[in-house]
**Q** 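Here it is, the structure in full.
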2 protein chains.
Amino acid sequence: MNKLELENFLPYHLSITSEMVSRALSKVYADFGVTIPEWRVMVHLNHHGSLTPSQLGVATSMDKARVSRALILMDKKALISRQVDQWDKRVAHICLTDTGKDLFTQIEPEVMAWNACLARDMPDQQHDDLLQALKTVETWCKAQGDSTSEADYDD
Amino acid sequence: MNKLELENFLPYHLSITSEMVSRALSKVYADFGVTIPEWRVMVHLNHHGSLTPSQLGVATSMDKARVSRALILMDKKALISRQVDQWDKRVAHICLTDTGKDLFTQIEPEVMAWNACLARDMPDQQHDDLLQALKTVETWCKAQGDSTSEADYDD
DNA sequence: TGAAATTAGTTTCGATCAAAACTAATATAA
DNA sequence: TTATATTAGTTTTGATCGAAACTAATTTCA
């Protein structure tokens with residue numbers, strides 16, 4: 001590629017593919033009244049049992065404001081409980097309530113089915129390779145961000 | 001993957017990779033005071049010479065409201081000109097002005113360099129395979145959307 | 001001690017976006 | 001014709017988001 005065309009430009013395709021997938025998948029759990037941030041939080045709480053908002057932020061790659069908003073929503077719906085830490089009153093320990101666990105076990109199989117369907121319809125290996133390639137790009141982006149010599153692409 | 005974990009969940013990685021890449025790349029042309037929608041419009045106008053807002057929407061995968069907002073911004077900055085169609089006064093023909101072309105030729109090499117740098121740092125072939133896999137997913141999503149039997153992932 | 005700096009989490013603010021409502025122009029068809 | 005439907009593009013509306021400001025609790029260190 002010598003001249004720029006959106007058609008073969010990775011950032012462009014990443015953006016629109018991500019939007020399409022998000023939109024398609026969110027239909028699955030929007031039926032349960034759950035947003036993407038809520039869903040991400042649920043996955044991790046279900047897996048780890050109890051986490052602090054900070055830990056949830058790291059695990060879900062969401063900033064603390066977004067986590068906070070998700071937790072407020074989930075609180076209203078009684079999907080989570082908050083337990084103030086005994087030693088440090090700034091930190092809270094978040095758990096799924098029984099209601100929350102219930103909801104999760106309802107949604108999870110639908111999401112898994114959606115994902116399995118996508119994977120099945122892709123050429124062999126392409127799905128796993130895609131995942132791997134995305135992680136490569138993520139690592140590269142982080143390395144770029146850390147780099148001391150900002151914005152110097154043509155060494 | 002049998003139990004859901006965000007770590008190996010494609011939609012999750014698509015979303016965060018897309019965000020990271022967008023953020024990193026937008027630094028490149030934010031220096032020129034250009035947003036993502038404006039940038040996409042510029043690429044296509046530079047390539048095709050003249051397009052209507054509708055055509056720009058299709059080409060850039062943006063809805064008409066987003067295109068409209070981008071054009072209003074670019075108008076204020078005198079990057080584009082609008083020519084009302086002689087036969088159908090609803091449609092406009094959008095062109096880059098000389099100022100717009102100038103700006104584009106300033107930004108393009110920087111963007112290309114950024115992209116080349118990313119591609120170079122990825123294992124051989126992985127960049128192209130990634131692009132191809134993304135297109136596969138896009139096609140799949142569209143097919144899902146068109147499908148008559150909505151939301152039937154198992155069978 | 002106790003003042004200053006740090007940290008966890010919430011709230012505010014401004015920007016952006018998609019969906020829907022809307023305007024103006026054109027096509028259809030009665 | 002002229003009424004109705006459709007189309008191109010803009011504007012409004014409500015939701016979401018990240019950055020930054022903010023509050024309260026804790027740690028640092030003088």
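Atom set for the values below is all heavy atoms of this structure, side chains included, hydrogens, waters and symmetry mates excluded. By convention in this document, chain letters (A, B, ...) are assigned in the order of the sequence lines, proteins followed by strands, and residues within each chain are numbered from 1.
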**Q** Keeping to residues at least two apart or across chains, list the side chain to side chain donor-acceptor pair (under 3.5 Å) pairs with something in residues 92-106 of chain B.
**A** Asp85(B)-His93(B)
**Q** Should His44(B) and Gln55(B) count as side-chain neighbours, where that means a heavy-atom distance under 4.5 Å?
**A**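 The answer is no, as the side chains (C-beta and beyond) never meet within the 4.5 Å cut-off.
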**Q** Of Leu45(A), Ile94(A), Val41(A), which meets side-chain contact (heavy atoms from CB on, under 4.5 Å) against Leu51(A)?
**A** Leu45(A)
**Q** Pick the closest DNA chain C nucleotide for Arg23(A) and for Asp88(A) by heavy atoms, then say which residue is nearer the 5' end.
**A**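 Closer to the 5' end of DNA chain C: Asp88(A).
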**Q** Would you name the heavy atoms of Ser61(B) and Arg40(B) that are closest together and state the gap between them?
**A**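 Minimum heavy-atom contact is O-NH1, 4.5 Å.
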**Q** Could you report the tightest heavy-atom contact between Phe104(B) and Val43(B), atom names first, then the distance?
**A** CE1-CA, 3.8 Å
**Q** Heavy atoms, side chains only, cut-off 4.5 Å: are Glu108(A) and Met42(A) in contact?
**A** no
**Q** Using every non-hydrogen atom in the two residues, find where Ala70(A) and Pro37(A) come nearest and quote the distance to one decimal.
**A** CB-CB, 3.9 Å
**Q** Please confirm whether the backbone N or O of Ile16(B) pairs with a side-chain atom of Glu138(A), one donor and one acceptor, at under 3.5 Å?
**A**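 Checking the backbone N and O of Ile16(B) against the side chain of Glu138(A), no donor-acceptor pair under 3.5 Å is found.
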**Q** Could you tell me which residues satisfy side chain to side chain donor-acceptor pair (under 3.5 Å) with Asn46(B), sequence neighbours excluded, listed by chain and number?
**A**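 Expected list: none.
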**Q** Mark yes or no for whether Ser26(A), through its side chain, and Arg23(A), through its backbone, hold a donor-acceptor pair below 3.5 Å.
**A** yes
**Q** Okay, side chain of Thr139(A), backbone of Lys135(A): is any donor-acceptor separation there less than 3.5 Å?
**A** yes
**Q** Of Ser61(A) and Trp87(A), whose nearest nucleotide on DNA chain D comes first from the 5' end?
**A**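 The residue closer to the strand's 5' end, by nearest nucleotide, is Ser61(A).
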**Q** Pairs under 3.5 angstrom, nitrogen or oxygen only, protein versus nucleotides 1-7 of chain D, please.
**A**
unit_1	atom_1	unit_2	atom_2	d
dT7(D)	O2	Arg90(B)	NH1	2.5

**Q** Quick one: what's the B/S/- string for nucleotides 10-17 of chain D, heavy-atom cutoff under 4.0 Å, read 5' to 3'?
**A** BBB----B
**Q** Grab the two heavy atoms, one from Val111(A) and one from Phe9(B), that are nearest each other, plus how far apart they are.
**A**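 In this case the closest contact between Val111(A) and Phe9(B) is CG1-CZ, 3.3 Å.
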**Q** With a strict under 4.0 Å distance from non-hydrogen atoms of chain A, what nucleotide opens and what nucleotide closes the contacted stretch of DNA chain C, reading 5' to 3'?
**A** dT7(C) to dA19(C)
**Q** Of all the base pairs, Watson-Crick or G-U under 3.5 Å, which form stems of three or more consecutive pairs involving DNA chain C?
**A**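 So the stems come out as C:1-30 with D:1-30.
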**Q** Return the minimal non-hydrogen interatomic distance between His13(B) and Asn8(B), and the atom names on each side.
**A** NE2-N, 4.4 Å
